[in-house]
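Here the structure comes first, spelled out in structure tokens, and everything after it is commentary.
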Amino acid sequence: MASNRRAFLTATAVGALTVAPAQAVPNGTTGGPRPPSPRAALDELLAGNHRYASGRPLHPHEGGGRRRLLAAEQHPFAVVVGCVDSRVPPELVFDQGLGDLLCIRTAGQVLDEAVLASIQYGVEVLRVPLVLVLGHERCGAVAATLDHLRAGVPVPGHLELLVEEIAPAARRTRGLPGDWAEHTMTAHTRWVRDAIRADPAFVPAHVAAARFDLDTGLVSLIP
Ligand SMILES: [Zn+2]
């Protein structure tokens, strides 16, 4: 990773943007202050997911009033590092709205310098207390990786990066009983979480990992 680039980003971002007090703007589902702690932020995400999975979403914070409130500044309460999969949009599966989540999505939630810089923007500049890495069931990026390892299926062009990033988790879990794709997704998501945790840039935030179930719509934390 280009630490000099990271340092530049930090210096310019912090210098150029004013950081307002984190709890000055209504941001919770009920219009109250944004969750005051990482635990409260995680609880809010899981509560929203239960609303979504049970078919009783509130679709909060989507109106013009909210838009006007946010026009000048934003105070999202969680960074979600998730997959591009069209079935796993974080705002929907966590039943959140405008200004609530800073979402960074790459296929297979793989990390690169742009992803790390985006997380840093959330944690350092916007003072977001929680980073959640979100893997999901039947991930296409995981499937492509397993096809490549199992049968030598060629990986075209830019997709090679995804396979390179996910392959270590696939190799580590290959001999385990059960569903290799599921084991790979879990191990890879855990690895991404741990890599973010280990980065000194993200010390101020709590970093967690979770799995989205396409069948039930439920998110469960990965220990
Ligand atoms: Zn995916």
Side-chain angles (χ1 to χ4, degrees), residues 42 45-46 48-53 57 76 78-96 100-122 128 130-174 176 178-197 199 202 205 207-223:
L42 192 55
L45 287 182
L46 296 176
N49 174 248
H50 278 96
R51 294 194 298 271
Y52 168 77
V79 171
V80 178
V81 180
C83 181
V84 294
D85 195 294
S86 64
R87 302 164 294 181
V88 197
E91 282 89 350
L92 287 182
V93 305
F94 291 114
D95 193 28
Q96 301 297 321
D100 291 326
L101 307 179
L102 193 152
C103 298
I104 305 157
R105 300 175 66 180
T106 60
Q109 68 277 354
V110 302
L111 296 179
D112 66 10
E113 190 63 10
V115 173
L116 292 170
S118 301
I119 299 170
Q120 186 159 2
Y121 175 71
V128 178
L130 173 71
V131 178
L132 182 68
V133 182
L134 184 63
H136 70 96
E137 195 181 20
R138 301 184 202 111
C139 180
V142 169
T145 302
L146 301 194
D147 287 346
H148 177 69
L149 293 179
R150 198 160 28 208
V153 175
V155 182
H158 298 291
L159 291 176
E160 195 174 333
L161 172 70
L162 307 181
V163 170
E164 281 176 8
E165 290 293 313
I166 298 171
R171 292 195 184 94
R172 284 201 302 280
T173 58
R174 191 165 196 164
L176 295 178
D179 184 344
W180 190 21
E182 185 69 17
H183 289 317
T184 299
M185 182 278 296
T186 304
H188 169 66
T189 304
R190 198 178 271 138
W191 183 89
V192 171
R193 175 199 64 192
D194 293 347
I196 295 170
R197 271 185 188 164
D199 192 316
F202 309 126
V207 187
R211 168 193 186 273
F212 179 74
D213 189 301
L214 291 172
D215 301 302
T216 66
L218 282 169
V219 168
S220 52
L221 293 176
I222 296 174

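One-based numbering, in listed order, for ligands and for the atoms of each. For the single chain, residues carry numbers from 1 onward in sequence order. This one's a predicted model, so the numbers in the text were calculated from it and none came from an experiment. Both backbone and side-chain heavy atoms feed into the values below; hydrogens, waters and symmetry mates do not.
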**Q.** For Gln109 against Gly135, the heavy-atom pair lying closest together
**A.**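 Closest pair (atom of Gln109, atom of Gly135, distance): NE2-CA, 3.4 Å.
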Q) Do you know which two heavy atoms are closest between Gly122 and Val79, and how far apart they sit? A)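 Heavy atoms of Gly122 and Val79 come nearest at CA-CG2, 4.2 Å.
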Q) Taking His136 for the side chain and Val88 for the main chain, is one N or O donor matched with an acceptor at less than 3.5 Å? A)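 It does not hold such a pair.
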**Q.** Residue-atom pairs from the protein, N, O or S only, that lie under 2.8 Å from the Zn ion (ligand 1)
**A.**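 Only Cys83 SG, His136 NE2, Cys139 SG fall inside 2.8 Å of the Zn ion (ligand 1).
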**Q.** CA sep, side-chain torsions, deciding dist, call: Phe202, Arg197, side chain to side chain contact (heavy atoms under 4.5 Å, CB included)
**A.** CA-CA 7 Å; Phe202 309 126; Arg197 271 185 188 164; over 6 Å; no
Q: For Glu113 and Leu116, run side chain to side chain contact (heavy atoms under 4.5 Å, CB included): C-alpha distance rounded to whole Å, both residues' side-chain angles, the deciding distance at 0.1 Å, then the answer.
A: CA-CA 5 Å; Glu113 190 63 10; Leu116 292 170; 3.9 Å; yes
Q. Does Thr216 have any side chain to side chain contact (heavy atoms under 4.5 Å, CB included) partners at least two apart in sequence or in another chain, and if so, which?
A.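 Thr216 satisfies side chain to side chain contact (heavy atoms under 4.5 Å, CB included) with Asp213, Leu218 once adjacent residues are dropped.
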